[in-house]
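Just below is one structure, and these are the notes that go with it.
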Number of protein chains: 2
Amino acid sequence: MKQQLKKYIHRYVDFSDAELDAFIAKMELIKLEKKKFILEEGEICHHQYFLLEGLVHTFYLDQDGNERTSSFALENWWFTSLESYIKQSPSFYSIQTIEPCVFLKIAKTDLDALFDTIPNLEKFFRLMAQNMVIALQRRTDIYQKMISKERYEYFRRNFPEFFQRVPQYLIASYLEITPEYLSSLRNSK
Amino acid sequence: MKQQLKKYIHRYVDFSDAELDAFIAKMELIKLEKKKFILEEGEICHHQYFLLEGLVHTFYLDQDGNERTSSFALENWWFTSLESYIKQSPSFYSIQTIEPCVFLKIAKTDLDALFDTIPNLEKFFRLMAQNMVIALQRRTDIYQKMISKERYEYFRRNFPEFFQRVPQYLIASYLEITPEYLSSLRNSK
DNA sequence: GGGATTCCTTAAAGTATCTTAAGAAAGAAT
DNA sequence: ATTCTTTCTTAAGATACTTTAAGGAATCCC
């Protein structure tokens, strides 16, 4: 089970077995059904999560009470409510399972302690954060330069997995359009 | 001159003087006039930059040849073309001065070598990357939840500095609207 | 298997934003 | 000072996208 995370980590950094084990020992395994909250808006996020199986999304509610999805996570993705986690402040976002999920979590207090003893861990999380920056910049660009129809095509082509697994109204909210308009885009071509 | 960077770093991490000096010794001081390129689209970005004075923006050209600003940097901000820098691949973005600028730069080869000898540096750049993630997430949310007029008000209120220093057509490109529409927003209230 | 949710589609009317084109204002260059 | 270039404004017509409202299709549940 935790083998999957070890394999993932080795793609980025050369940990010794002892280091890796010390890290992994602090991670707790969680299973959750679909449509369950991992974190609710307003709570303080104390953990970082690594998804082993399933599908998760991070969202908030706008003034009209609509869910606005800001990101998805699939197998082998890290997720958390980063600003809340770092500042230990109330989260703007909720995190919820879309499918039944299995994931690992590690507490900020544990991870911060490990940082002091395992320099490689700093490197690993630096690389993770940099990857997030790149992904976010790409997303921003795509929204800036494409109209909805192009965004839809782009994501359908580049993340076909999502489009089979995620309900349409969530895709619409991620593409920043209404479900009605998405439906018309899908059928107009 | 480099004192300014030291002060900035100490806000985040406790470096020893020796560590800090080893790091700073590898940074080179550059001065540039306004409207000069620091990096051009298609080049590989070999450096990270710390802005001491002036104003810089990162942008790309869309299909119609319009500049699309994806970020600004002011005094005491780090900037680079991150994806290009990390993967050493051609940059999607150009980086250009808006005002006359003074900045420090450090080469990837030097920084990577320093990472191996100064663990604190890993931590520092991890924190920098995390801050970028937070800033980008905020930006994404604001674009998702606000219509242009609200975005304009939001940025004008929260970053008044920009609005005095940056030409309107660049603000428009950052707000993801046309200069014409920005102009009409400004005068309609 | 039937009723209740939840999700997806259709269509019409309305709105935010863009495009184009032209002129005004401001800055830079000679 | 005058010209040239860059930036900002105005306005009319076009279009991408939303809102509302309703019906249809899936899925969940007892």
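Proteins come first, then strands; the chains are lettered A, B, ... in the order of their sequence lines, and each starts at number 1. Atoms considered below: every heavy atom in the structure, side chains included; atoms not considered: hydrogens, waters and symmetry mates.
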Inset, instruction - Side chain of A:Asn187 only, please: which of D:dT10, C:dT9, C:dC8 is the nearest? - result: C:dT9
Inset, instruction - Give the rounded distance in Å between these two atoms: CZ of B:Arg186 and P of D:dC8. - result: 8 Å
Legend entry - Any donor-acceptor N/O pair, B:Ser183 side chain to B:Pro179 backbone, under 3.5 Å: no
Legend entry - Row check, A:Tyr60 ring normal vs B:Lys145 NZ/CZ: under 6.0 Å, within 45°: yes
Inset, instruction - Please name the residue in the list B:Tyr169, B:Tyr174, B:Tyr93 that meets the side-chain contact (heavy atoms from CB on, under 4.5 Å) test with B:Thr69. - result: B:Tyr174
Inset, instruction - Enter the distance from B:Leu20:CG to B:Ile9:CD1 here, rounded to the nearest 0.5 Å. - result: 5.0 Å
Legend entry - Among D:dC8, D:dT10, C:dT9, the nucleotide that comes nearest once only the side chain of B:Pro167 is considered: D:dC8
Inset, instruction - May I ask you to establish whether A:Arg139 and A:Tyr143 are in a cation-pi arrangement, using a distance under 6.0 Å from NZ or CZ to the six-membered ring centre and at most 45° from the ring axis? - result: yes
Inset, instruction - Please say whether the positively charged group of A:Lys108, taken as NZ for Lys or CZ for Arg, lies over the ring of A:Tyr85, i.e. under 6.0 angstrom from the six-membered ring centre and within 45 degrees of the axis. - result: yes
Inset, instruction - Please test B:Glu122 against A:Lys123 for salt bridge (Lys or Arg N to Asp or Glu O under 4.0 Å), starting from the C-alpha separation and ending with a verdict. - result: CA-CA 6 Å; B:Glu122 291 276 10; A:Lys123 183 184 287 285; 2.7 Å; yes
Legend entry - Aromatic plane relationship, A:Phe115 with A:Phe125 - under 30° parallel, 30 to 60° tilted, over 60° perpendicular: perpendicular
Inset, instruction - Report the distance from atom CD1 of A:Ile171 to atom C1' of C:dC8, rounded to the nearest whole Å. - result: 12 Å
Inset, instruction - Give, for atom OH of A:Tyr154 and atom CG of A:Leu175, the distance between the pair rounded to the nearest 0.5 Å. - result: 12.0 Å
Legend entry - Separation of D:dC17 C1' from B:Gln144 CD (nearest whole Å): 15 Å
Please list each protein N or O that sits under 3.5 Å from an N or O in nucleotides 14-17 of chain C, with the distance.
| unit_1 | atom_1 | unit_2 | atom_2 | d |
| --- | --- | --- | --- | --- |
| C:dT17 | OP1 | B:Ser148 | N | 3.1 |
| C:dT17 | OP1 | B:Ser148 | OG | 2.6 |
| C:dT17 | OP2 | B:Ser148 | OG | 3.2 |
| C:dT17 | OP2 | B:Tyr181 | OH | 2.8 |
| C:dT17 | O5' | B:Ser148 | OG | 3.3 |

Legend entry - A:Asn66 CG to D:dT19 P, straight-line distance once rounded to whole Å: 8 Å
Inset, instruction - Give a yes/no answer on whether the side chain of B:Lys35 brings an N or O atom under 4.0 Å of OP1 or OP2 in D:dT7. - result: yes
Inset, instruction - Would you confirm whether B:Ser84, through its side chain, and B:Ile44, through its main-chain N or O, come within 3.5 Å as a donor-acceptor pair? - result: no
Inset, instruction - Would you tell me if any nitrogen or oxygen in the side chain of A:Gln168 comes within less than 4.0 Å of OP1 or OP2 on C:dT6? - result: no
Inset, instruction - Could you tell me the separation between the CG atom of B:Asp62 and the P atom of C:dC18, rounded to a whole number of Å? - result: 12 Å
Output one line per pair: protein atom, nucleotide atom from nucleotides 22-30 of chain D, and distance, for all N/O pairs under 3.5 Å.
none

Inset, instruction - Starting at atom CD1 of A:Ile98, determine the distance to atom P of C:dC7, rounded to an integer number of angstrom. - result: 11 Å
Inset, instruction - Count the heavy atoms of every other residue, nucleotide or ligand shown that sit under 6.0 Å from NZ of B:Lys26, and state whether that count exceeds 12. - result: no
Legend entry - Axis bend over the full length of the helix from C:dT9-D:dA22 to C:dT30-D:dA1, computed from five pairs that close each end, to 10 degrees: 40°
